[in-house]
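Labels below follow one simple rule: chain letters A, B, ... track the order of the sequence lines, proteins then strands, and each chain is numbered from 1. Every heavy atom of this structure was used, including side-chain atoms; hydrogens, water molecules and symmetry mates were not.
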2 protein chains.
Amino acid sequence: MRVSELVERTGIPLATIKYYLREGLLMPGTATSATQAVYGEHHVRRLALIRALTEVVGLTVQKAGEVIRLIDSPEPDLFETLGKAVAALPPYLDDLADDYPRARAALERIGQVYDPEYAAVGQFERALAAAEAVGLPMSEERLDGYASHVMGIAEIDIGGVPAESPGSAVEYAVLGTAIYEPILAAMRRLAHQDLASRRLAAGSTSEQ
Amino acid sequence: MRVSELVERTGIPLATIKYYLREGLLMPGTATSATQAVYGEHHVRRLALIRALTEVVGLTVQKAGEVIRLIDSPEPDLFETLGKAVAALPPYLDDLADDYPRARAALERIGQVYDPEYAAVGQFERALAAAEAVGLPMSEERLDGYASHVMGIAEIDIGGVPAESPGSAVEYAVLGTAIYEPILAAMRRLAHQDLASRRLAAGSTSEQ
DNA sequence: AGTATTGGATACTATGACTATCCAACCACA
DNA sequence: TGTGGTTGGATAGTCATAGTATCCAATACT
């Protein structure tokens, strides 16, 4: 298909598609002449991915590009690739320290490896510090409770990774980490709503 | 204390503090004269909250203002206030529909109320649609697994809400929903890392 | 042949989040 | 009682991000 069709199919304006091409997020189509190129389903999916990462996950176009480059390059080291992908996820750290006291204490408590090199540790520290500064420090009970449920979720995630596949495992892991995050956030918000309404109903019933 | 001290204590530049004052995120200090006002710990905490909501949770200054106004106003309807607060959280919906097929199907399956009025439903739909478009549709197994763990997390959250307090319950619920979100995201990322490293270790051991 | 469609380059715009300047009124100390 | 440093309030300027819009020359379709 030609660009015009790509515009139709995705609803993304031509000027924006050109912008993504310039920024290296969208691969160029196969040129058939100096002023013509053909695009495929691949491009449609890629544009969906770009919009998902920017609009839903909340990445900048820049960071979305980093993630896309990771899943495009066939680097097979899942562990390291996942680390790089996480570094492209918000919240972004400006200056990285070599010690994250809150994160270390929490991770030691729940029995996970503490590696200050891993971006998520810095993000964890930042999130914990923010909660503390706001007057809602992370209690040990909450930490323990969260940890067991989060581990359960992570096991579902990891269980779904295609073990016998080279680059597709990387793609699945990287995208899965990012893409399911807003789903989990929405589900938690909905669960709050659900519990609040039940509690409200129970309360008003008992008060009558 | 005076502004200069507020600047010292928080590390936030004066110009920025003035900006937050203009935007209504920070309450003015008590004026002692036409060109002097005093600030308290209240203001220090508020500035920390603003930074937490914008930098860690990822809200725009505008949306952070909405959240802050909610916890400032002593509106006691927890249920409705929570709904408004969630609407201030990303991902932001531009056009809200009256039907969200994916969200409805998912919520019916896991036995929760489906109310298209509630912002989180729209956010859920958007996140589900994005996952689908990217080629990682939400399977029913994943949905069920996520749902039980998320409900467990939400119970921890709701359990901590001070039941016998008017406005503080609202503040706790609204901030708790927003502030613990990045913590949960970071914990999931860390759990992935943890599981990936264990699986990697197990794999390399068995292969030798 | 003539009109519409591209690729590629460049320039422009809109929004958000600050940042800087000014000024007039202080206030605190010498 | 000056006099320099500190405010509050208003206004203007900056910088980055994410597009939009224009142009042009080279095709492509009819």
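As a whole-Å value, the separation of B/Arg51 CZ from C/dA17 P is 11 Å. Computed from coordinates, the B/Glu55 CD to C/dG16 P distance equals 18 Å when rounded to whole Å. For the pair A/Lys18 NZ and C/dA11 C1', the computed distance is 13 Å after rounding to whole Å. When the P atom of C/dG16 is taken as reference, atom CD1 of B/Ile50 falls 17 Å away, rounded to whole Å. Rounded to a whole Å, the CD atom of A/Glu8 is 11 Å from the P atom of C/dT5. B/Leu14 has its CG atom 11 Å from the C1' atom of C/dA20, to the nearest Å. Here the P atom of nucleotide C/dA17 and the NZ atom of B/Lys63 are 11 Å apart, to the nearest Å.
Of all the heavy atoms in B/Ala186 and A/Phe124, the pair that sits closest is CB-CA, 3.7 Å.
Residue A/Ser4 has a polar side-chain atom (N or O) positioned under 4.0 Å from OP1 or OP2 of C/dT6. Distances shorter than 4.0 Å separate none of the side-chain N or O atoms of A/Tyr39 from OP1 or OP2 on C/dT6.
Evaluation of the salt bridge (charged side-chain N to carboxylate O under 4.0 Å, His left out) rule for B/Asp72 yields B/Arg46 as partners, not counting sequence neighbours. Qualifying side-chain contact (heavy atoms from CB on, under 4.5 Å) partners for A/Glu8, counting only residues two or more places apart in sequence or in other chains: none.
Summary of the strand contacts: A/Leu59 and B/Val38 both lie near DNA chain D, and taking for each the nucleotide with the nearest heavy atom, the more 5' one is attributed to B/Val38.
Ion pair A/Glu23/A/Lys18 not flagged as a salt bridge, since none of the NZ, NE, NH1 or NH2 atoms sits closer than 4.0 Å to an Asp/Glu carboxylate oxygen. With salt bridges taken as basic N to acidic carboxylate O contacts below 4.0 Å, none links A/Arg104 and A/Glu125.
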Under the criterion side-chain contact (heavy atoms from CB on, under 4.5 Å), I'd like the reasoning laid out for A/Gln112 against B/Gln193: C-alpha separation, chi angles, the key distance, then a yes or no. CA-CA 9 Å; A/Gln112 278 178 231; B/Gln193 159 103 346; over 6 Å; no
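Taking the ring axis of A/Tyr39 as reference, the NZ or CZ atom of A/Arg2 does not stay both within 45° of it and closer than 6.0 Å to the ring centre. Taking the ring axis of B/Tyr180 as reference, the NZ or CZ atom of A/Arg142 stays within 45° of it and closer than 6.0 Å to the ring centre.
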At under 4.0 Å between heavy atoms, which parts of nucleotides 23-30 of chain C does protein reach? Answer with one letter per nucleotide, 5' to 3': B base, S sugar-phosphate only, - none. --BSS---
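For the segment residues 19-31 of chain B, residues with any heavy atom less than 4.0 angstrom from an atom of DNA chain C are, sorted by number, B/Tyr19, B/Tyr20, B/Arg22.
Two residues are said to be in side-chain contact when any heavy atoms from C-beta on lie closer than 4.5 Å; A/Leu107 and A/Val113 fail this criterion. A/Ile156 is listed as a side-chain neighbour of B/His149, based on a closest heavy-atom distance under 4.5 Å.
Nucleotides of DNA chain D with any atom under 4.0 Å from a heavy atom of chain B span, from 5' to 3', D/dT7 to D/dT11.
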Residues 56-70 of chain A, side-chain donor-acceptor partners within the protein, below 3.5 Å, at least two apart:
| residue | atom | partner | partner atom | Å |
| --- | --- | --- | --- | --- |
| A/Thr60 | OG1 | A/Lys63 | N | 3.1 |

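In this structure, A/Thr60 reaches the sugar-phosphate backbone alone: every heavy-atom distance under 4.0 Å involves primed, P, OP1 or OP2 atoms, never a base.
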